[in-house]
Amino acid sequence: MRRIARALLLLALPLLAGGQGRPGGYMEVPYNGGFTFTRIRYGGSGFRRGGDAWAHDYPQADHHLPKIIEYLTTIPINVDASNVFDLDDPEIFRHPIIYISEPGYWGMTDAEALGLRQFLQKGGFVILDDFEAEQWYNMEAQLLRAMPDNRLIEIGPEHPIFSSFFVLKDIYVPHPSVNVTPRYFAMFENNDPQGRMLALVNYNSDLAEYWEWSDTGFLPMDLSNEAYKLGVNYIYYALTH
């Protein structure tokens with residue numbers, strides 16, 4: 001806890017500049033073999049909030065979590081910028097972990113659905129975060145477009161993803177702004193809960209909101225710590241399994 005709290009203080013420092021431009025003004029880290037936080041850009045669907053739903057908490061959340069990972073682990077990691085890719089961009093295959101925000105509004109073209117399927121089948125891992133209530137149905141429908149033979153299985157504290165680096169007393173970090181009960185679901189290779197995890201779904205949850213605001217004092221530090229612990233566990237687990 002002290003190491004996490006100390007690491008949170010580091011986030012008060014200005015973010016480092018770097019990377020090179022992508023279409024739309026977003027940044028890309030030139031590939032160098034290190035881990036880079038990689039966010040997926042998408043078009044609207046489901047509740048149709050608008051074309052920017054994918055960018056919720058960007059770029060602060062995407063820059064803050066890697067700084068925590070760099071401080072706590074020996075994982076080679078890029079902290080100067082993060083990636084933003086479409087699912088049909090072959091660059092995603094250079095990055096083993098991708099993140100999708102607000103999948104209640106997520107939409108895919110057929111080419112993007114194929115890109116996601118190939119990414120997951122070749123060993124990739126996707127984290128879906130920041131959605132709640134009826135938004136589940138669009139998230140599930142989109143994910144099943146890519147992986148129609150798979151299903152989502154609810155998981156709990158006993159799954160090793162929740163203790164891969166930090167052992168957490170309570171994995172159910174409350175949503176920072178909506179009164180809902182967090183739950184976790186996963187998609188596994190061959191629908192085998194003992195097999196490789198393909199996707200992790202944070203339902204009724206918004207971990208990235210804590211990551212985004214952790215250097216401001218806007219949200220409680222103890223809950224921000226727990227949200228960071230989950231994020232560190234996810235990345236560590238996905239990179240080692």
Side-chain angles (χ1 to χ4, degrees), residues 4 7-43 51-103 106 108 111-112 115-116 118-120 122-130 164-165 198-200 202 207-215 224 227-241:
I4 276 273
L8 283 173
L9 294 178
L10 298 178
L11 298 180
L13 299 174
L15 294 178
L16 299 175
Q20 60 189 43
R22 292 285 291 179
Y26 302 104
M27 304 302 291
E28 174 192 347
V29 179
Y31 180 73
N32 59 14
F35 173 77
T36 303
F37 192 98
T38 299
R39 177 182 290 255
I40 295 302
R41 175 174 44 203
Y42 59 80
D52 65 343
W54 65 267
H56 191 220
D57 306 315
Y58 176 86
Q60 289 84 357
D62 306 36
H63 294 179
H64 289 174
L65 178 61
K67 290 184 177 182
I68 294 291
I69 295 172
E70 180 191 45
Y71 181 76
L72 294 171
T73 77
T74 58
I75 295 171
I77 192 165
N78 296 301
V79 296
D80 56 345
S82 59
N83 288 328
V84 175
F85 295 129
D86 300 322
L87 283 168
D88 58 355
D89 189 330
E91 283 296 312
I92 65 172
F93 294 99
R94 293 180 180 267
H95 304 279
I97 304 170
I98 57 176
Y99 173 85
I100 298 177
S101 179
E102 298 214 24
W106 176 27
M108 290 188 294
E112 289 169 337
L116 178 57
Q118 292 176 337
F119 173 81
L120 297 177
K122 290 182 178 181
F125 179 77
V126 59
I127 300 168
L128 300 105
D129 181 46
D130 189 3
S164 62
F165 191 89
L198 309 177
L200 178 66
N202 299 326
L207 297 181
E209 190 83 358
Y210 289 105
W211 306 341
E212 177 186 12
W213 295 99
S214 59
D215 61 341
S224 297
Y228 271 123
K229 289 177 183 178
L230 282 169
V232 172
N233 280 0
Y234 294 172
I235 301 302
Y236 193 85
Y237 180 86
L239 290 177
T240 56
H241 288 75

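All of these numbers come straight from a predicted model, not from anything done at the bench. Values below: every heavy atom of this structure, side chains too, minus hydrogens, waters and symmetry copies. Sequential numbering from 1 along the given sequence is applied to the chain's residues.
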Could you tell me whether His241 and Phe125 have their ring centroids closer than 6.0 angstrom?
no
Measure the CG-NZ distance between Asp80 and Lys67 for me, rounded to the nearest 0.5 Å.
9.5 Å
Taking atom CD of Glu112 and atom CH2 of Trp106, what is their separation to the nearest 0.5 Å?
9.5 Å
Not counting sequence neighbours, which residues clear side chain to side chain contact (heavy atoms under 4.5 Å, CB included) with Ala199? List them please.
Val126, Leu128, Leu143, Met187
Distance-only donor-acceptor check, side chains Ser101 and Tyr58, under 3.5 Å
no
In short, Pro96 meets Phe119 closest at the heavy-atom pair O-CZ, 3.6 Å
Check: Trp54 main-chain N/O paired with Arg41 side-chain donor or acceptor under 3.5 Å
no
Which heavy atom of Tyr228 sits nearest to which heavy atom of Ser214, and what is that distance?
OH-OG, 2.6 Å
Whether the side chain of Asp86 engages the backbone of Asp88 through a donor-acceptor N/O pair (distance < 3.5 Å, no angle test) should be reported.
no
What one should report as the nearest heavy-atom pair of Asp62 and Ser82 is CB-OG, 3.5 Å
Looking at CG of Asp89 and CD of Glu28, how far apart are the two atoms once the value is rounded to the nearest 0.5 Å?
7.5 Å
Distance check, rounded to the nearest 0.5 Å: Ile98 atom CD1 versus Phe85 atom CZ?
10.5 Å
Shortest non-hydrogen contact between Ala81 and Val29, atoms and distance:
O-CG2, 3.3 Å
Taking all heavy atoms of Ile97 and all of Thr38, pick out the closest pair and write down the distance.
O-CB, 3.7 Å
Side chains of Pro66 and Asn78: does their closest heavy-atom pair fall under 4.5 Å?
no
Short side-chain donor-acceptor distance under 3.5 Å, Asn202 and Tyr234:
yes
Heavy-atom closest contact (Tyr210 atom, Ala227 atom, distance)
CB-CB, 3.5 Å
Tyr99 OH to Ile127 CD1 distance, which is reported to the nearest 0.5 Å:
8.5 Å
Salt bridge between Arg94 and Glu91, side-chain N to carboxylate O under 4.0 Å?
yes
Does some side-chain heavy atom of Tyr236 sit less than 4.5 Å from a side-chain heavy atom of Ile75?
yes
With distance as the sole test, does Thr73 use its side chain to make a donor-acceptor pair with the main-chain N or O of Glu70 at under 3.5 Å?
no
Apply side-chain contact (heavy atoms from CB on, under 4.5 Å) to residues Gln60 and Trp213 and explain how you reach the verdict.
CA-CA 8 Å; Gln60 289 84 357; Trp213 295 99; over 6 Å; no
Do the side chains of His63 and Phe37 get nearer than 4.5 Å, heavy atoms only?
no
Once you round to the nearest 0.5 Å, how far does CG of Leu116 lie from CD1 of Ile92?
7.0 Å
